[in-house]
Amino acid sequence: MNGIVHVPPAGNEPALDYLPGSPERTRLEAELRRLSTDSHDLPMAIGTERTLGGGEWRTIVQPHDRHATLGRLRDATAGDVERAVAAATEAAHDWGTRPFEERAAVFLNAAALLAGPWRDRLNAATMLGQSKTAHQAEIDAACELIDFWRFNVAFARRVLDEQPLSSPGTWNRVDYRPLEGFVCAITPFNFTSIAGNLPTAPALMGNTVVWKPSTTQQLAAHVTMELLVAAGLPPGVVNMVTGSPEALGRVALTDPRLAGIHFTGSTTTFRHLWKTVADHLDGYRSFPRLVGETGGKNFVLAHPSADPAALRTALIRGAFEYQGQKCSAAGRAYVPASLWRDLEADLVAETDAIPVGDVRDLSNFMGAVIDETAFTRLAGMCARADSDPALRRLTSRVPDDRDGWFVPPTIYRSDDPAHDLFVTELFGPILAVFVYDDDAFDDVVRLVDSTSPYGLTGSVFAGERAVLDAAARVLRHAAGNLYFNDKPTGAVVGQQPFGGSRASGTNDKAGTPGHLLRWVSPRTIKETFAPPTDYRYPFMATEG
């Protein structure tokens with residue numbers, strides 16, 4: 001193809017509202033009924049092969065209706081992972097040497113398909129498998145994943161356009177090669193968009209990938225894989241293995257051809273992956289790239305000048321949307337005494353009235369936590385907190401797993417800001433509140449910065465500009481995404497690049513040009529048109 005290719009301008013996908021009687025609501029409800037009817041086999045995708053693999057069987061259920069089976073899969077064996085690595089290796093040369101516009105077209109097509117005929121299917125799979133409400137599924141599985149695919153193409157074009165200067169008689173250029181080897185993408189249950197972006201961002205830059213989705217997200221991952229194939233993704237570019245990660249760790253992460261790991265999940269798991277790479281460093285062909293976004297103990301800090309109504313809404317949405325199972329969810333709040341006197345009663349009453357239940361009932365604000373393990377952990381934590389003299393429960397409802405794994409929105413107050421409830425990530429709908437004397441705001445800002453090991457998101461509420469600016473300076477490393485007078489969740493691709501540091505990850509900001517640069521190995525080429533033919537330099541000339 002001759003021509004300088006310009007990709008379509010990227011813009012954020014508008015979110016649908018799903019109002020009663022709207023066409024999108026009617027379509028979504030029909031798709032929910034269809035997907036709920038059958039139990040689906042969820043095979044691996046290895047090259048052209050679609051197989052259930054050779055490991056133990058696992059059953060996928062609806063978290064809000066835990067007796068309803070959605071599908072079944074099998075754990076990947078060592079042989080399954082070996083085939084996935086072989087398929088990625090076989091596809092690497094062809095995919096990595098294709099013109100950028102051919103690779104970009106696949107993901108622009110995927111975005112168009114998801115914005116249109118695939119939207120309801122992926123949203124419904126996300127709702128049923130991950131217990132997301134229609135709104136949470138829409139802003140995740142549809143809008144954010146569409147945004148990732150569109151913006152990644154636009155940002156990749158910008159990366160490729162960045163070329164060096166050339167002095168007279170030379171031509172300097174940069175070849176943005178894919179990494180040498182394969183990338184391993186390990187994705188979480190909580191965001192279908194993250195699960196879709198982690199394997200495809202490296203693939204856009206010419207890499208081939210072995211993808212291990214979370215077992216509890218497998219239905220939506222299966223639909224995502226089918227969508228990519230429908231969009232024209234060649235076999236072997238993204239290879240999906242299922243179930244337990246044990247074989248992946250033994251085989252893929254120790255393979256000499258491992259070129260990178262793209263991860264979102266817990267801090268503990270990311271540290272384990274990093275140690276695994278370090279232990280095998282002498283055996284790799286190159287130093288693997290490690291890109292990870294992990295946990296957070298995200299804060300909401302209110303100044304006495306804050307708007308109480310805005311603060312109340314931000315606390316409820318920030319702490320309890322999607323059952324607090326967002327790495328950006330608000331887990332700790334610091335509220336001045338003067339504001340708390342007017343806020344407490346309304347906050348508690350509104351929290352206790354939040355509709356919690358089956359997400360197929362679109363009147364519910366919250367669904368269930370992801371599985372029995374999460375429920376048991378959170379229910380146990382609530383039981384311990386209820387008997388802890390340093391804590392006072394403010395809300396009334398308790399966990400209930402009779403029909404689904406429901407953990408209601410829960411608020412505790414403590415006068416001990418060093419209590420573990422302010423330090424440890426819970427990954428559930430539990431908010432800890434510390435009420436401070438109004439004149440102690442400056443001390444509390446420093447407390448917020450030093451209390452937790454994480455540095456992902458945070459919010460500062462104040463009606464005074466100088467307060468916001470001063471707090472931001474102290475909290476410069478406390479959050480990779482800092483919000484003024486807004487909840488600490490809901491980052492939008494192209495608007496608020498997302499990621500944190502400290503114990504929250506490598507802060508590579510998915511959905512940015514800098515993030516895509518992590519998946520290339522640039523080669524600089526210098527061409528000299530009239531090379532010198534004499535080694536001597538002018539300064540060596542003698543007088544006369």
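Below, all heavy atoms of this structure are taken into account, side chains as well, without hydrogens, waters or symmetry copies.
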Visitor: Could you tell me whether a side-chain N or O of Tyr176 sits under 3.5 Å from a main-chain N or O of Glu162, the two making a donor and an acceptor?
Guide: yes
Visitor: Checking salt bridge (charged side-chain N to carboxylate O under 4.0 Å, His left out) for the pair Asp65/Arg360: CA distance, chi angles, key distance, verdict?
Guide: CA-CA 10 Å; Asp65 184 7; Arg360 290 170 293 188; 3.1 Å; yes
Visitor: So, using ring pair (Phe, Tyr, Trp, His ring centres under 6.0 Å) as the criterion, who are the partners of Tyr483 when residues are at least two apart?
Guide: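 Partners of Tyr483 under the ring pair (Phe, Tyr, Trp, His ring centres under 6.0 Å) test: none.
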Visitor: Could you tell me whether a side-chain N or O of Arg50 sits under 3.5 Å from a main-chain N or O of Gly47, the two making a donor and an acceptor?
Guide: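 Checking the backbone N and O of Gly47 against the side chain of Arg50, a donor-acceptor pair under 3.5 Å is found.
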Visitor: Rounded to the nearest 0.5 Å, how far apart are OG1 of Thr254 and CG of Asp279?
Guide: 11.0 Å
Visitor: Using atom types as modelled and distance alone, determine if a side-chain donor or acceptor of Asn364 lies under 3.5 Å from a backbone N or O of Val359.
Guide: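 Here the side-chain-to-backbone pair does not exist.
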Visitor: We want to know whether Lys487 and Asn298 form a side-chain donor-acceptor pair, criterion being a heavy-atom distance below 3.5 angstrom.
Guide: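 Their side chains do not contain a donor-acceptor pair, so the 3.5 Å distance test is not met.
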Visitor: Does Thr133 reach the main-chain N or O of Met366 with its side chain, forming a donor-acceptor pair under 3.5 Å?
Guide: no
Visitor: Would you please test Leu16 and Arg119 for side-chain contact (heavy atoms from CB on, under 4.5 Å) and show each step?
Guide: CA-CA 11 Å; Leu16 303 180; Arg119 192 184 202 111; 3.6 Å; yes
Visitor: About how many Å separate CD1 of Ile46 and CE of Met44, when rounded to the nearest 0.5 Å?
Guide: 6.0 Å
Visitor: So which of Asp371, Asp75, Asp41 actually passes salt bridge (charged side-chain N to carboxylate O under 4.0 Å, His left out) with Arg58?
Guide: Asp75
Visitor: So do the side chains of Asp255 and Arg285 get within less than 4.5 Å of each other, counting heavy atoms only?
Guide: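 A side-chain contact is absent here, since even the closest heavy-atom pair is not under 4.5 Å.
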Visitor: Search all heavy atoms of His64 against all heavy atoms of Gly357 and return the closest pair with its distance.
Guide: CB-O, 4.4 Å
Visitor: Identify the residue among Thr264, Thr187, Asp147, Asn152 that makes a side-chain hydrogen bond (donor to acceptor under 3.5 Å, both in side chains) with Asn197.
Guide: Asn152
Visitor: Regarding Glu372 and Arg66, does a basic nitrogen lie under 4.0 Å from an acidic carboxylate oxygen?
Guide: no
Visitor: Less than 4.0 angstrom from a charged side-chain N to a carboxylate O is my criterion; do Glu49 and Arg83 meet it?
Guide: yes
Visitor: Are any of the side-chain heavy atoms of Leu258 and Cys184 separated by less than 4.5 Å?
Guide: yes
Visitor: Give me the atom names and distance for the closest heavy-atom approach of Phe148 to Ser193.
Guide: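 Nearest pair, atom of Phe148 first, then Ser193: CD1-O, 3.9 Å.
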Visitor: Can you check side-chain contact (heavy atoms from CB on, under 4.5 Å) on Thr512 and Phe151, steps first, answer last?
Guide: CA-CA 8 Å; Thr512 65; Phe151 276 93; over 6 Å; no
Visitor: Using side-chain contact (heavy atoms from CB on, under 4.5 Å), reason through Glu293 and Leu456 one step at a time and then give a plain yes or no.
Guide: CA-CA 9 Å; Glu293 189 265 295; Leu456 191 53; 3.6 Å; yes
Visitor: Do the side chains of Asn190 and Ile370 get nearer than 4.5 Å, heavy atoms only?
Guide: no
Visitor: To check you understand the geometry: which heavy-atom pair defines the closest contact between Leu378 and Ile430, and what is its length?
Guide: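 What the structure gives for the nearest pair is CD2-CD1, 4.0 Å.
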Visitor: Is the side chain of Ser452 donor-acceptor paired with the backbone N or O of Tyr454 at a distance under 3.5 Å, no angle test?
Guide: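 Present.
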Visitor: Would you call Glu31 and Arg34 a salt bridge, using N to O less than 4.0 angstrom?
Guide: yes
Visitor: Under the criterion side-chain contact (heavy atoms from CB on, under 4.5 Å), I'd like the reasoning laid out for Thr489 against Arg317: C-alpha separation, chi angles, the key distance, then a yes or no.
Guide: CA-CA 8 Å; Thr489 63; Arg317 287 184 171 182; 5.8 Å; no
Visitor: First locate atom CD1 of Ile261, then atom CG of Leu248, and finally report the distance between them rounded to the nearest 0.5 Å.
Guide: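 Ile261 atom CD1 to Leu248 atom CG measures 8.5 Å (nearest 0.5 Å).
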Visitor: Is the backbone N or O of Gly236 less than 3.5 Å from a side-chain atom of Asn239, with the two atoms forming a donor-acceptor pair by type?
Guide: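 A pair under 3.5 Å: yes.
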Visitor: Restricting to non-hydrogen atoms, name the atom on His67 and the atom on Asp403 that form the minimum distance, rounded to 0.1 Å.
Guide: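 Smallest interatomic distance, heavy atoms only, reads CD2-O, 4.4 Å.
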Visitor: Is Leu32 close to Met127 at the side-chain level, that is, under 4.5 Å between some pair of heavy atoms?
Guide: yes
Visitor: Establish, yes or no, whether the cationic atom of Lys326 lies under 6.0 Å from the six-membered ring centre of Phe191 and within 45° of the ring axis.
Guide: no
Visitor: Consider only side-chain N and O atoms of Asn123 and Thr126, and report whether a donor and an acceptor are under 3.5 Å apart.
Guide: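 No - no donor-acceptor pair under 3.5 Å links their side chains.
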Visitor: If I compare all heavy atoms of Leu122 with all of Ala220, which pair ends up nearest, and what's the gap?
Guide: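 Closest approach of Leu122 to Ala220: CD1-O, 3.5 Å.
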Visitor: Do Pro453 and Arg502 make a side-chain contact, defined as non-hydrogen atoms from C-beta onward lying under 4.5 Å apart?
Guide: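 They are not in side-chain contact.
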Visitor: Would you check if the side chain of His280 reaches a backbone N or O of Thr276 as a donor-acceptor pair within less than 3.5 Å?
Guide: yes
Visitor: Quick check: do Lys297 and Leu426 have side-chain heavy atoms less than 4.5 Å from each other?
Guide: yes
Visitor: For the pair Glu246 and Arg250, find out whether any cationic side-chain nitrogen is under 4.0 Å from an anionic carboxylate oxygen.
Guide: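 Counted as a salt bridge, because a side-chain N and a carboxylate O are separated by less than 4.0 Å.
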Visitor: Which side-chain N or O atoms in residues 516-523 pair as donor and acceptor under 3.5 Å with protein atoms at least two apart or in another chain?
Guide:
unit_1 : atom_1 : unit_2 : atom_2 : d
Arg518 : NE     : Asp508 : OD1    : 3.2
Arg518 : NH2    : Leu290 : O      : 2.9
Ser521 : OG     : Arg177 : NH2    : 3.3
Arg523 : NE     : Asp175 : OD2    : 3.3
Arg523 : NH2    : Asp175 : OD2    : 3.0

Visitor: Are Glu138 and Lys132 close enough for a salt bridge, meaning some N to O gap below 4.0 Å?
Guide: no
Visitor: Could you go step by step and tell me if Arg257 and Glu180 meet the salt bridge (charged side-chain N to carboxylate O under 4.0 Å, His left out) rule?
Guide: CA-CA 7 Å; Arg257 295 163 290 186; Glu180 190 176 10; over 6 Å; no
Visitor: I'd like to know if the side chain of Thr77 reaches the main chain of Asp80, judged simply by a donor and an acceptor atom lying under 3.5 Å from each other, with no hydrogens or angles considered.
Guide: yes
Visitor: Counting C-beta onward and ignoring hydrogens, is there a side-chain heavy-atom pair between Thr89 and Thr208 closer than 4.5 Å?
Guide: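 SC-SC contact between Thr89 and Thr208 ruled out.
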Visitor: Going by atom types alone, do Gln62 and Ser131 pair a side-chain donor with an acceptor below 3.5 Å?
Guide: no
Visitor: What orientation do Phe189 and Phe427 show, parallel under 30°, tilted 30 to 60°, or perpendicular over 60°?
Guide: perpendicular
Visitor: Donor-acceptor check, side chain of His262 to backbone of Leu198, threshold 3.5 angstrom: yes or no?
Guide: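 Looks like yes, one N/O pair under 3.5 Å.
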Visitor: When you measure from the side chain of Ser504 to the backbone N and O of Gly295, does any donor-acceptor pair fall under 3.5 Å?
Guide: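 Looks like yes, one N/O pair under 3.5 Å.
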Visitor: For the residue pair Ser214 / Thr216, report whether a side-chain donor-acceptor contact shorter than 3.5 Å exists.
Guide: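 Present: a donor and an acceptor within the cut-off.
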Visitor: Does a side-chain N-to-carboxylate-O contact under 4.0 Å join Arg98 and Asp94?
Guide: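 Yes.
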Visitor: Would you say the side chain of Trp149 lies within less than 4.5 Å of the side chain of Val106, judging by non-hydrogen atoms?
Guide: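 They are not in contact (no side-chain heavy atoms under 4.5 Å apart), so the answer is no.
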Visitor: Search all heavy atoms of Ala110 against all heavy atoms of Leu228 and return the closest pair with its distance.
Guide: CB-CD2, 4.2 Å
Visitor: Answer yes if the side chains of Thr373 and Thr376 hold a donor-acceptor pair under 3.5 Å, and no otherwise.
Guide: no
Visitor: Got a sec: does the CD of Glu102 have more than 12 other heavy atoms crowding it under 6.0 Å?
Guide: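 Atom CD in Glu102 is crowded, with more than 12 foreign heavy atoms closer than 6.0 Å.
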Visitor: For Phe263, check ring pair (Phe, Tyr, Trp, His ring centres under 6.0 Å) against everything at least two apart and list the hits.
Guide: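 By the ring pair (Phe, Tyr, Trp, His ring centres under 6.0 Å) rule, Phe263 matches Phe270.
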Visitor: Is a side-chain donor-acceptor pair under 3.5 Å present for Thr294 with Thr267?
Guide: yes
